[in-house]
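See structure below.
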Amino acid sequence: MRKLLPLVGTPSDSHPGGRSALTCRFRCGDACFHEVPNTSDNEYVGDVIAGALSRRAVMRAAAVVSVATGVGAGAVVPAAAYGGEGEGKRRKPAKKPQGARGLRYSSVAPNTADAVTVPEGYRQNVVVRWGEPILRGAPAFDPEKQTAAAQSGQFGYNNDFLALLPLPGEHRRQLLVANHEYTDEVLMFRGYDPENPTREQVEIAWAAHGLGVVVVEEDRRTGALTAVPRHHLNRRITATTEFRLTGPAAGSELLKTSADPTGRKVLGTLNNCSGGTTPWGTTLHGEENFNQYFANATRATDKRYGLGTGATERKWERFDQRFDVTREPNESHRFGYVVELDPYDPTSTPRKRTALGRVKHEGATVRLTDDGRPVVYTGDDERFDYFYKFVGSKRMKRGGSRAAREHNSTLLDEGTLYVARLTGDSPAVEVDGSGRLPADGEFDGSGEWIPLATSTARGAVSHVPGMTAEEVYVFTRLAGDKVGATKMDRPEDIEPNPHTGKVYVALTNNTNRGTGTNPAADEANPRNANKHGHILELTERQNRADSTRFAWSLFLVAGDPKDPATYFAGFPKDEVSPISCPDNVAFDPHGNLWISTDGAQLGSHDGLFGVATRGPRRGELKQFLTVPVGAETCGPLVQDRRVLVAVQHPGEVNGASVEKPASIWPDGPGKIVRPAVVAVWRADGRDIGV
């Protein structure tokens, strides 16, 4: 095990993507320090993008009306930064903030405050924290006396994806669904010994993983949103909850274990990162860095998924043999799927949808075809890996009848799984990895969705030579390798714009691009040693979600706007906020794209940004908030009058521990640092950014 670096106030530059050693250990098992799992010779997408501020965008930018410079205007650190409503002392803005509709707020300045910093004229509150009791009988949180039984009834750790669903008949209440991605044991347990965790600590960690469902209620007087404990819909799903494997790989020999000879039942879900909501009222959750939980792997297929050859960081294999690959070789094959949950039925069994493939799913978002079939976009969060699309073959049934719900519960089991291949339109010699434009002045090209396998009620068919359908669904990365998919810079959240149908792909970073024997920049991944990331905009042919062809163009290349290698859809760069490492994305009611960051490399804390995707202000990017020391901004959700973010892993800084905290958020000095969900709203009660 690698030694922790000394405690510092910001992440060490020695860790890719700006993450601290602590983050690398506990979230992804030091993935960036391991050999790149993808050793295929497929084209690297960075080589495709490297070219281009488009000439069209430059011409359009010249016509953009003048706007007030956003960076730094009106930024404040709330006085009640540790869980209060954050009113603080604010100066009245000199004039109403300008911007695209939905983005008319004073940009928050980059900062390193140990607080959630919001724009002038906005308020905030903590909705729910790690450890708050949400189920009947769960005790109040006591970090010095925590038990697995208590944690199983309390809000989990490291909240990530968030969904808010309506609750008909319950005025001012909504249903909050959250992912609990992973645990930071050194920040949870006093005196934690990473070489010798106790069974109780391990079982608490199992209970702190998974998913959470909790009803929340708005205070009409203040605008605050708070959890409603003991509601009958509240639920905790953990690493030991029973799940059902469905779809074409269910029952496969590759999924059978000694505990489950049917290959159809699995305990728990792990490392749930982002997700999505479906038009039929369920939520989707991506199992991402599941590889880090499995020990002693030696097979080539395990290596392609990043499983380690020795002991794991958390040592779970000491307490349950299913985490030891030598004892249960197929258990790891049962993780890495998209999970579907019905949050309206607390007795339902959540399902792992094998038809969507097995990769490190960042999340999963849904769009319907013109005739009502589901299309699911998902990214594989690994350097030089791919992004995918599933096109269902069954139409969704409208309404909430039992028959409709039963039918819709099968929609993600039948259809075709595709992987993306992108082609740039500039000669390779014109793409040198520096960000210099190719001769045509464009970052753009065309693409195709390559079919991997098709699942029907009668069975499944592979479209990949040399692989059976079951192998495609269980070893999806290898299928992508074989068909020549395009290697991307950590494809994370992928979401279609509900207003335009255009699809946005967040590519967080890839400092390995162009180093050693690794692929160099291409026109779709424009920079070597890409530490800031970028966002692609895809347009399906004829705007049909089920099309097998698409056009793509560069929407945003992140970094300091003063850097000539950055690009903001042609908007004047002296009028945008600096941004680094885009991760999760969401859309507001106006069609603006909201971007949360992870591991920002510009000396400021991570944050949430809004950017216009159309109109004369297309590319105008403004920072809306920043998060505390060591934290990541997750799960952005933007409603008409409220923004929600999941503040994940606050205090996750090299050398930090319970005894030596790096952050005192959200409850102040003397209290243990706790991940939490935060709501932000306008003090005057009006819509966000108008």
> Donor-acceptor pair, T354 side chain versus A249 backbone, under 3.5 Å?
Replying inline: yes

>> Holding to ring-ring contact (aromatic ring centres under 6.0 Å, His included), I want the full list of residues that pass it with F475, two or more places apart in sequence or in another chain.
In response: H333

> Nearest 0.5 Å, what's the CG-CZ distance between L452 and F390?
Replying inline: 12.0 Å

> Between G651 and A656, which heavy-atom pair has the shortest distance, and what is it?
Replying inline: O-CB, 3.4 Å

> Which residue pairs pass the ring-ring contact (aromatic ring centres under 6.0 Å, His included) test with at least one member in residues 256-289, sequence neighbours excluded?
Replying inline: F161-H285

>> My understanding is that only residues two or more places apart in sequence, or in another chain, count here; which of them pass side chain to side chain contact (heavy atoms under 4.5 Å, CB included) with S258?
In response: Q321, E328

>> Which label fits F189 and Y192: parallel for a plane angle under 30°, tilted from 30 to 60°, or perpendicular past 60°?
In response: tilted

> To the nearest 0.5 Å, how far apart are CG in L637 and OG in S596?
Replying inline: 11.5 Å

> With sequence neighbours left out, what residues match E287 under side chain to side chain donor-acceptor pair (under 3.5 Å)?
Replying inline: T269, K352

> For R173 and E217, what are the C-alpha separation, side-chain angles and deciding distance, and is it a salt bridge (Lys or Arg N to Asp or Glu O under 4.0 Å)?
Replying inline: CA-CA 4 Å; R173 287 184 172 183; E217 184 172 45; 3.3 Å; yes

> Between R405 and D345, is there a salt bridge with N-O shorter than 4.0 Å?
Replying inline: no

> Would a 4.5 Å heavy-atom cut-off, applied to side chains only, mark V647 and P628 as touching?
Replying inline: yes

>> Do the side chains of D583 and R490 get close enough for a salt bridge, i.e. N-O under 4.0 angstrom?
In response: no

> Is there any salt bridge (Lys or Arg N to Asp or Glu O under 4.0 Å) pair reaching into residues 255-279, and which pairs are they, with sequence neighbours excluded?
Replying inline: E253-K256, D260-R334

> With a 4.5 Å heavy-atom cut-off, do V216 and V128 have their side chains touching?
Replying inline: no

> Can you list the residues that meet the ring-ring contact (aromatic ring centres under 6.0 Å, His included) rule with F294, with sequence neighbours excluded?
Replying inline: F323, F335

>> If the condition is side chain to side chain donor-acceptor pair (under 3.5 Å), which residues does T378 pass it with, not counting sequence neighbours?
In response: H361

> Can you check salt bridge (Lys or Arg N to Asp or Glu O under 4.0 Å) on K315 and D193, steps first, answer last?
Replying inline: CA-CA 11 Å; K315 312 295 189 295; D193 180 356; over 6 Å; no

>> If I compare all heavy atoms of A460 with all of Y473, which pair ends up nearest, and what's the gap?
In response: CB-CE1, 4.0 Å

> Nearest heavy-atom pair of S462 and T468: which atoms, and what distance?
Replying inline: CB-C, 3.7 Å

> Roughly how far apart are D606 CG and L608 CG, rounded to 0.5 Å?
Replying inline: 11.0 Å

> Taking it one step at a time, do I237 and L341 satisfy side chain to side chain contact (heavy atoms under 4.5 Å, CB included)?
Replying inline: CA-CA 10 Å; I237 292 166; L341 172 70; 3.4 Å; yes

> Residues two or more places apart in sequence or in another chain: which of them pass side chain to side chain contact (heavy atoms under 4.5 Å, CB included) with T326?
Replying inline: N296, D324

> Less than 4.5 Å apart, any side-chain heavy atom of P279 and any of M396?
Replying inline: yes

> Is a side-chain N or O of D342 found less than 3.5 angstrom from the main chain of T282, in a donor-acceptor match?
Replying inline: no

> If you measure from CD on E362 to SG on C273, what distance do you get to the nearest 0.5 Å?
Replying inline: 3.5 Å

> Could you walk me through whether L478 and M467 pass the side chain to side chain contact (heavy atoms under 4.5 Å, CB included) check?
Replying inline: CA-CA 9 Å; L478 279 74; M467 295 184 74; 4.3 Å; yes

> With a cut-off of under 6.0 Å to the ring centre and 45° to the axis, is R358 in cation-pi contact with Y305?
Replying inline: yes

> Counting N and O atoms only, with roles assigned by atom type, does the side chain of Q201 sit under 3.5 Å from a partner on the main chain of T198, one being a donor and the other an acceptor?
Replying inline: yes

>> Give me the atom names and distance for the closest heavy-atom approach of P343 to V177.
In response: CB-CG2, 3.9 Å

> In terms of side-chain geometry, is the basic nitrogen of K360 or E288 positioned less than 4.0 Å from the acidic oxygen of its partner?
Replying inline: no

>> I'd like to know whether R314 forms a side chain to side chain contact (heavy atoms under 4.5 Å, CB included) with T183, so could you lay out the CA-CA distance, the side-chain angles of the two residues, the decisive distance to 0.1 Å, and finally the verdict.
In response: CA-CA 9 Å; R314 294 176 178 82; T183 46; 3.4 Å; yes

>> Just to verify, what does R230 make a side chain to side chain donor-acceptor pair (under 3.5 Å) with, not counting sequence neighbours?
In response: none

> Are the charged groups of R477 and E382 less than 4.0 angstrom apart, N to O?
Replying inline: yes

>> Please enumerate all residues that pass ring-ring contact (aromatic ring centres under 6.0 Å, His included) together with F243, with sequence neighbours excluded.
In response: none

>> Considering only residues two or more places apart or on different chains, which pairs with a residue in residues 141-153 satisfy salt bridge (Lys or Arg N to Asp or Glu O under 4.0 Å)?
In response: E144-R190

>> Does the plane of the ring in W316 sit parallel, tilted or perpendicular to the ring in W206? Use 30° and 60° as the thresholds.
In response: perpendicular

> Is a donor on one side and an acceptor on the other found under 3.5 Å between the side chain of D160 and the backbone of C634?
Replying inline: no

> What are the two closest non-hydrogen atoms of A297 and L307, and how far apart are they?
Replying inline: CB-CB, 3.6 Å

> Looking at residues at least two apart in the chain, or sitting in another chain, which of them share a side chain to side chain donor-acceptor pair (under 3.5 Å) with R236?
Replying inline: none

>> Tell me the closest heavy-atom pair linking A586 and E495, and the distance in Å.
In response: CA-OE1, 4.2 Å

